[in-house]
There are 2 protein chains.
Amino acid sequence: MRGAVEARLRQLEGLLRGRGLPLTMQRREILKAVVERNDHPTADQVFDAVKDRLPRLSRTTVYRVLDRLVTLGVIRRLHHPGAGTRFDGKIDRHHHLFCRSCGCVIDVASSAVEDVSLPPASRHGFHVEDFSVHFVGVCPDCRRKASS
Amino acid sequence: MRGAVEARLRQLEGLLRGRGLPLTMQRREILKAVVERNDHPTADQVFDAVKDRLPRLSRTTVYRVLDRLVTLGVIRRLHHPGAGTRFDGKIDRHHHLFCRSCGCVIDVASSAVEDVSLPPASRHGFHVEDFSVHFVGVCPDCRRKASS
DNA sequence: CTCCGTGCAAAAGGTTTGCACTGGT
DNA sequence: ACCAGTGCAAACCTTTTGCACGGAG
């Protein structure tokens, strides 16, 4: 999976160069931190993960860089029940399982979900570009605890 | 649509009485404020909508009452991209169109979306109870502005 | 009468902003 | 050298908490 991270860094570099923006250490390390984990970290968790490598890093920068990465389309903002904003290193279409018991979020590959479409007449003139499905239920861990 | 609001107030009254909880003016007015609008107000917007009728109302109470209404299942919490927590007066299954330009949210009737399910092999032991679909795109207003 | 609910004020997060300095190109 | 990015501190906004009073059942 190391190669995947390298690929994302190159993607970031390309997007930044295309706009004449600098590729800083902070952007590199923050992107790595988000992509390397498959949970969905908050800005604060990203800060914690990166601060060892960049001791002078400020929380402000984490917010600003995450925002920039979202704008560039390198990562996604995730709207997590309960807690604050979270970030998701995956950018291919995928869906989420939200556990209503412990609040965790599990990714589901898009291919595991049958295609979703809206009848054109129901769109109210809304131009739909993408979608994601939020499944709500109980995760394996919580089911195990509940049955014991 | 006035009748619908009355019905929801009776529903609230029943749920509260069943638990020996009082039906206060604040709970009545806050529920009305959420149900009467078809957008998805924040706690602060609810406060603004109700403060004329209840001049001594405090923001704290709005938060507490909204929370209680969610617990009772009379309204739903909505996890909205960008902004803070929003509340949705509809409790039947429906989906949402999120405008990435202005941030507004439009309801979609559930019947307009084909049923979505996960193949059993993809559930990783997760027990799915419900789902909702988040469509992302551009709303009619923003499309109009963009084309001019 | 008894609790729960409410209002107020203050605290607690989480996120944003202004400004001077640093760093990538 | 230039301009965007960064760090710091303070501001901001939303949400939560402690405590005394007031109102519904």
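Residue numbering restarts at 1 for every chain, and letters A, B, ... go by the order of the sequence lines.
A donor N or O paired with an acceptor N or O is found under 3.5 Å between the base of C/dG7 and the side-chain atoms of B/Arg64.
B/Glu29 places its CD atom 16 Å from the C1' atom of C/dG5, with the value rounded to the nearest Å. One interatomic measurement links the two molecules: CG of A/Leu54 to P of C/dT22, which rounds to 17 Å at whole-angstrom precision. Distance, B/Tyr63 OH to C/dA12 C1': 13 Å, rounded to whole Å. Rounded to an integer number of Å, the gap from CZ of B/Arg17 to P of C/dG5 is 16 Å.
A 6.0 Å sphere centred on CZ of B/Arg93 holds more than 12 heavy atoms belonging to other residues, nucleotides or ligands. Within a 6.0 Å radius of CZ in A/Arg53, other residues, nucleotides and ligands contribute 12 heavy atoms or fewer.
For B/Phe135 and A/His127, the gap between ring centers reaches or exceeds 6.0 Å. Proximity of the aromatic rings of A/Phe98 and A/His79 is defined here by a centroid distance below 6.0 angstrom, and this criterion is not met.
Listed in residue order, the members of residues 66-75 of chain A having a heavy atom less than 4.0 Å from DNA chain C come to none. Of all the residues in residues 21-28 of chain B, B/Pro22, B/Leu23 reach under 4.0 Å from DNA chain D with at least one non-hydrogen atom.
Where A/Thr60 and A/Asp44 meet DNA chain C, the nucleotide closest to each residue was compared, and A/Asp44 sits on the side nearer the 5' end.
Between A/Leu21 and A/Arg68 the shortest side-chain heavy-atom distance falls below 4.5 Å. Using a 4.5 Å heavy-atom threshold, the side chains of A/Phe131 and A/Ser117 count as separate. In this structure, the side chains of A/Pro22 and A/Arg27 come closer than 4.5 Å at one or more pairs of heavy atoms.
Here chain A contacts DNA chain D (any atom closer than 4.0 Å to a heavy atom, that is under 4.0 Å), and the contacts span D/dA4 to D/dA9 from 5' to 3'.
Atoms NZ and NE2, on A/Lys90 and A/His40 in that order, are 7.0 Å from each other to the nearest 0.5 Å.
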Discussion item. Set out, in order, the CA-CA distance, both residues' side-chain angles and the distance that settles salt bridge (Lys or Arg N to Asp or Glu O under 4.0 Å) for A/Glu13 and A/Arg10, then state yes or no.
Written reply: CA-CA 5 Å; A/Glu13 190 178 355; A/Arg10 282 195 298 276; over 6 Å; no
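The main-chain N or O of B/Gly125 is found under 3.5 Å from a side-chain atom of A/Arg143 such that the two form a donor-acceptor pair.
Between A/His96 and A/His134, the two ring planes are perpendicular [angle over 60°; tilted spans 30° to 60°].
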